[in-house]
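Heads up: the structure comes next, in structure tokens.
Just so it is clear, the structure is predicted and the values come from calculations on it, not from any experiment. Heavy-atom basis, side chains included; hydrogens, waters and symmetry copies ignored. Throughout, residue positions are numbered sequentially from 1 according to the sequence presented.
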Amino acid sequence: MLVHGREVKFLRTVWAVNEIAKICPMKNIGRFNEILKSESTIEVNETWSTFICSLNMGYEMAQKYADKDYVSNPLTEEELVTLTEEEFGSLLTEAMQA
């Protein structure tokens with residue numbers, strides 16, 4: 001998906017899973033859905049932002065090893081909050097497919 005003029009991709013790497021697990025109960029990624037049950041819109045959006053950014057960074061890190069000339073440009077949480085809810089949802093759908 002294009003975000004601010006660049007293609008953003010995702011990869012579920014060990015690093016990405018570890019980053020996502022850090023915000024889960026007992027640091028167990030198997031309990032990820034539990035944090036989505038929050039009634040706080042802010043907490044849920046922050047959770048999804050961590051999810052999206054971690055999977056994108058997983059891709060970016062892997063690309064640096066696959067292509068030594070690759071210039072990394074990871075998505076940031078600050079950048080994510082500038083998206084519309086529709087754009088955010090579309091990006092989330094792509095990240096979930098990873």
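Applying the ring-ring contact (aromatic ring centres under 6.0 Å, His included) test to residues at least two apart or on different chains, the pairs with a partner in residues 1-48 are F32-W48, F32-F51, W48-F51.
By the 4.5 Å heavy-atom criterion applied to side chains, E43 and I35 are not counted as neighbours.
For S90, there are no side chain to side chain donor-acceptor pair (under 3.5 Å) partners, not counting sequence neighbours. For E79, the salt bridge (Lys or Arg N to Asp or Glu O under 4.0 Å) partners two or more places apart in sequence, or in a different chain, are R6. In terms of the side chain to side chain donor-acceptor pair (under 3.5 Å) criterion, T93 has no residue partners (sequence neighbours excluded). Residues that satisfy the side chain to side chain donor-acceptor pair (under 3.5 Å) test with E94, not counting sequence neighbours, are absent from this structure. With sequence neighbours left out, I42 forms a side-chain contact (heavy atoms from CB on, under 4.5 Å) with S40, E46.
Of all heavy-atom pairs between F88 and N45, the closest is CZ-O, 4.0 Å. Scanning all heavy atoms of the two residues, the minimum distance from L83 to E87 falls at CA-OE1, 3.4 Å.
Clustering of Ile, Leu, Val, Met, Phe, Trp and Tyr by side-chain heavy atoms under 4.5 Å joins V14 with none of the others.
Within a 6.0 Å radius of CD in E86, other residues, nucleotides and ligands contribute 12 heavy atoms or fewer.
Separating the OG1 atom in T47 from the NZ atom in K37 is a distance of 13.5 Å, to the nearest 0.5 Å. I52 CD1 to T76 OG1: the interatomic distance, rounded to the nearest 0.5 Å, is 11.5 Å.
Put simply, V17 and L92 are part of the same group of oily side chains (I, L, V, M, F, W, Y) that touch within less than 4.5 Å, one to the next.
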Side-chain polar contacts of residues 20-31 - donor-acceptor pairs under 3.5 angstrom, sequence neighbours left out - could you list them?
{"unit_1": "K22", "atom_1": "NZ", "unit_2": "E19", "atom_2": "OE2", "d": "2.8"}
{"unit_1": "N28", "atom_1": "OD1", "unit_2": "G30", "atom_2": "N", "d": "2.7"}
{"unit_1": "R31", "atom_1": "NE", "unit_2": "E34", "atom_2": "OE1", "d": "3.3"}
{"unit_1": "R31", "atom_1": "NE", "unit_2": "E34", "atom_2": "OE2", "d": "2.8"}
{"unit_1": "R31", "atom_1": "NH2", "unit_2": "E34", "atom_2": "OE1", "d": "2.9"}

For residues 53-62, please give each side-chain donor-acceptor pair under 3.5 Å, one per line with the distance, not counting sequence neighbours.
{"unit_1": "S54", "atom_1": "OG", "unit_2": "T50", "atom_2": "O", "d": "2.7"}
{"unit_1": "N56", "atom_1": "OD1", "unit_2": "L75", "atom_2": "N", "d": "2.7"}
{"unit_1": "N56", "atom_1": "ND2", "unit_2": "K9", "atom_2": "O", "d": "2.9"}
{"unit_1": "E60", "atom_1": "OE1", "unit_2": "Y70", "atom_2": "OH", "d": "2.9"}
{"unit_1": "E60", "atom_1": "OE1", "unit_2": "S72", "atom_2": "OG", "d": "3.1"}
{"unit_1": "E60", "atom_1": "OE1", "unit_2": "N73", "atom_2": "N", "d": "3.0"}
{"unit_1": "E60", "atom_1": "OE2", "unit_2": "Y70", "atom_2": "OH", "d": "3.0"}

- Query: After noting the C-alpha distance and the side-chain angles of L80 and L91, does the key distance pass the side chain to side chain contact (heavy atoms under 4.5 Å, CB included) rule?
  - Reply: CA-CA 9 Å; L80 276 179; L91 195 60; 3.4 Å; yes
